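Before any comments, here is the structure.
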Amino acid sequence: MKPTNSVRKAMLKTSLKSLLAAATLVVAGQAFAEGHALPYPFKPDTGNEASVQRGARNFMNYCSGCHSMRNLRYSRVGQDLGISDDLLKANLMFTSEKVGDHILSSMPADASKSWFGQQPPDLTVEARYRGPDWVYNYLMTFYVDPSRPLGTNNLVLPGASMPHVLWELQGLQVKKAEGEHGAADGEGEHGGHEAGAPFELASKGKLTPDEYKKFVADTVNFMVYAAEPGRAHRVSVGYKVILFLLLFTVLAYFLKREYWKDVH
Ligand code: HEC
């Protein structure tokens, strides 16, 4: 019958439309939540133990003066990353003496408020709170901005009160003029910038752009590890459990066949 068919079609159309609308909303919501688009793609790799170790060294040297990781103990870092107590004490522990201590910064809270306008936040779970790619981009995108009190600004956290503490390593970069960046600027990897990167170096740092990226990637890998130190263990237990369940399924199948073979 024709009427029912057309009613059906109309219903299908409306539900497709609302599905599409819902999908658009989700996508728009995500774009909105991200704020500024992140110019540098990044995928963390906490399975690379050497990288996480280097990241721990970077963090203790360049960040722990201001930032704590109060939910993490030095001893846990040592155990997970295969670093002995002596090496920990000699190379990574600047603010405390016992390996069982939590990673606290040496910065007095009240003084830091007057220096920076706020206390540097604890970074134990920062990589989970903001996402590894956000943290990576944060450390990549400090740029010269004379209108700011410290002379630098940040692309993904505009008005950040943190100084560009890695400027000696990265050098100082300035924003390219609008429309100057984009795939068509032909600079490519050779100029030390990717096509599409929003910055160019105004003065060189101690590290080349590629070395600096590696430095930041190591640091973020450590922060991702720190946000969930038990992850490696959880993943390996997960695989074992799934293997067990698969084997058990096979056993259960044969058992079932054995029980039911005389019934038919
Ligand atoms: C001189 C003190 C100081 C040092 C050293 C420092 N920071 Fe910060 N950091 C701050 C302050 C202050 C803020 C707060 C910025 C704001 O919200 O405006 C901050 C904010 C941050 C944030 C953003 C927090 C958020 O989600 O809003 C991250 C990530 C961060 N720091 C990472 C690092 C890393 C990694 C290092 C080491 C490479 C480092 N910081 C070294 C002072 C410091």
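These values consider heavy atoms only, across backbone and side chains, with no hydrogens, waters or symmetry-generated copies. These numbers come from a predicted model, not from an experiment. In listed order, ligands and their atoms are each counted from 1.
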With a 6.0 Å cut-off on ring centres, are Phe215 and Tyr62 close enough?
yes

Co-members of Tyr129 in a cluster of I, L, V, M, F, W and Y side chains, linked at under 4.5 Å:
none

Got a sec, which residues hit side-chain contact (heavy atoms from CB on, under 4.5 Å) with Pro149, two or more places apart in sequence or on another chain?
none

The side-chain contact (heavy atoms from CB on, under 4.5 Å) partners of Asp122 (sequence neighbours excluded) come to Ser68, Arg70, Thr124

Scan side-chain atoms only and decide if Glu126 and His67 contain a donor-acceptor pair under the 3.5 Å cut-off.
no

Proximal protein residues to ligand 1, non-hydrogen atoms under 4.0 angstrom
Tyr62, Cys63, Cys66, His67, Phe116, Gln118, Pro120, Pro121, Leu123, Glu126, Tyr129, Arg130, Tyr138, Leu139, Leu157, Ala160, Ser161, Met162, Pro163, Val165, Leu166, Met223

If you compare all heavy atoms of Pro120 against all heavy atoms of Cys66, which two are closest, and at what distance to 0.1 Å?
CB-O, 3.5 Å

